[in-house]
Enquirer: 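The structure follows.
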Amino acid sequence: MTSSTSPTRKLFIKTYGCQMNVYDSERMAEALAPSGYEIADSAEGADLILLNTCHIREKAAEKVYSELGRLKALKAENPDLKIGVAGCVAQAEGDEILRRQPLVDLVVGPQSYHRLPELEARARQGAKALDTDFPEEDKFDRLGGRARARRGPTAFLTVQEGCDKFCAFCVVPYTRGAEVSRPAEKVLAEARDLVERGVREITLLGQNVNAYHGAGTDGDWGLARLIRELAAIDGLDRLRYTTSHPNDMEDDLIAAHGEVPELMPYLHLPVQSGSDRVLKAMNRKHTAESYLRLIDRIRAARPDILMSGDFIVGFPGETEADFEDTLALVREVGYGQCYSFKYSPRPGTPAAERAHVAEEVKAERLARLQALLAEQQEDAQQAMVGKSVGVLFEKAGRMPGQLVGKSDHLQAVHVEAPETLLGRIARVDITAAAPNSLAGRLSAK
Ligand code: SAM
Ligand code: SF4
């Protein structure tokens, strides 16, 4: 969408990190559309390049600085090119980025995206523009409605931001601020709008999405109530949510997994460690045992649910025995797909000040954990062979006549199918499994 007064300019956004950044990038593009910006597929030839950054681990921030280094050549070719840094690195390092990388014109934190048009205009006039405030106003209100264009069948929708948990390793409470939930009516309106534009599946996002408590039509709504209301929207067939904290898995949310057919049987529920000693040092406020019993209750409500999680190895003070407790927990749960990381000290977080586990020990533990998780993932994939699953087709596959979609359990599925099924859900009989994808054929009926 281009305003009649501005010439068309090209905007390239490179997104790092989590799904919330993917959502934010879409919203930034929409905020800049009235200034004449259209999305471009590559940095070459762009008039504005935004790096939407992630600060969760050290390497992520370093990647941003090396990417900025690479952009130097483009700026030399086109002196009118403006370069901006958004996201959590922008929030955490603000001025430092402008000092360290003179080619950056604009720095904007995650709570200030509605101010992008103004910041871009300042940058165009040759000023360095910086906004890393946590403003009082609701950025979602100021960002306004979503663009009207038709879009693919899946979408992210941020319902909650920030975190009050303060895990000892994590920068999120500092970069994204305190927990804030969007009013339920705003979420429902955005969801209806997405459905009108062809969306069939929505993933609700939040740093702590199951801590959602938004104003509803009859008082405060938790995530379970929000999910039930969203599920009633005609044409919205699938709902997911991520990421959750074990302590916020309330009874009504667990019950929703058994009662709301639109809520898909996949849950990302990070535990981080299987050692109570480490969990305490991480300030997680749950134990390995309480996590395991929670999973029992979730599986009682939805027996076929596929569990996912996050793990950190080599947290300060983690011993070999602690790490073995993590392996034991993984064996007991049996995950479908997980993310695992070496502990990375983040400046300003309590754990960064503690004595660190040696790098080679972290690497060796991560390799062992990942080998076990890969085995479990393969088992979960193999277990799908012979089953009939619902698949939402999202795009053409690499082979002619093939479409790719996602199963109810969020596994990629390749199927020979007509293009008319794009954006629709069909039953598929799974015939083969690879570690990261499934293959199948359309069910006869
Ligand atoms: N809110 C979610 C939760 O409570 O688990 C996770 C949010 S965080 C963006 C995603 C994951 O990054 C975490 O679950 C954790 O495993 C990992 N992570 C966060 N800080 C980290 C650090 N300092 N070093 C390594 N991994 C980290
Ligand atoms: Fe970070 Fe998640 Fe802990 Fe919040 S709950 S501090 S986002 S790991």
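Just so you know, ligand 1 is whichever comes first in the structure, and atom 1 is the first atom listed for that ligand.
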Enquirer: Hydrogens and angles aside, do H286 and N247 bring a side-chain donor and acceptor to less than 3.5 Å of each other?
Expert: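 No - no donor-acceptor pair under 3.5 Å links their side chains.
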Enquirer: Could you go step by step and tell me if K63 and E67 meet the salt bridge (Lys or Arg N to Asp or Glu O under 4.0 Å) rule?
Expert: CA-CA 6 Å; K63 267 192 226 159; E67 181 67 26; over 6 Å; no
Enquirer: Could you check whether the rings of Y241 and H257 sit parallel, tilted or perpendicular, using 30° and 60° as the cut-offs?
Expert: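 It falls in the tilted class, 30° to 60°.
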Enquirer: Return the set of residues passing side chain to side chain donor-acceptor pair (under 3.5 Å) with E378 (not counting sequence neighbours), or none when no residue passes.
Expert: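 Counting only residues at least two positions away or on another chain, E378 forms no side chain to side chain donor-acceptor pair (under 3.5 Å).
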Enquirer: Between the protein and ligand 1, which nitrogen or oxygen pairs come in under 3.5 Å, and how far apart is each?
Expert:
residue	atom	partner	partner atom	Å
ligand 1	1 (N)	Q207	O	2.7
ligand 1	4 (O)	R284	NH1	3.3
ligand 1	5 (O)	Q272	NE2	3.1
ligand 1	12 (O)	R57	NH1	3.2
ligand 1	14 (O)	Q272	NE2	2.8
ligand 1	14 (O)	D310	OD2	2.6
ligand 1	16 (O)	Q272	OE1	2.7
ligand 1	23 (N)	F169	O	2.9
ligand 1	23 (N)	S344	O	2.8
ligand 1	24 (N)	S344	N	3.0
ligand 1	26 (N)	R57	NH1	3.4

Enquirer: Between F315 and Y343, how do the two ring planes meet: parallel, tilted or perpendicular, split at 30° and 60°?
Expert: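 Rings of F315 and Y343: perpendicular, over 60°.
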Enquirer: I'd like to know if the side chain of R238 reaches the main chain of M264, judged simply by a donor and an acceptor atom lying under 3.5 Å from each other, with no hydrogens or angles considered.
Expert: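 No, R238 side chain to M264 backbone: no donor-acceptor pair under 3.5 Å.
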Enquirer: Under a strict 4.0 Å criterion on non-hydrogen atoms, which protein residues are in contact with ligand 2?
Expert: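 Close residues (ligand 2, cut-off 4.0 Å): C163, K165, F166, C167, F169, C170, V172, P173, N208, H245, R284.
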Enquirer: With respect to K342, which candidate in I312, V357, L366, V361 satisfies the side chain to side chain contact (heavy atoms under 4.5 Å, CB included) definition?
Expert: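 The passing option is L366.
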Enquirer: Mind listing the closest non-hydrogen atom pair of A178 and D164 along with its distance?
Expert: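 Minimum heavy-atom separation between A178 and D164: CA-OD1, 3.4 Å.
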Enquirer: Could you tell me which residues satisfy side chain to side chain donor-acceptor pair (under 3.5 Å) with E120, sequence neighbours excluded, listed by chain and number?
Expert: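 Partners of E120 under the side chain to side chain donor-acceptor pair (under 3.5 Å) test: R9, Y37, R124.
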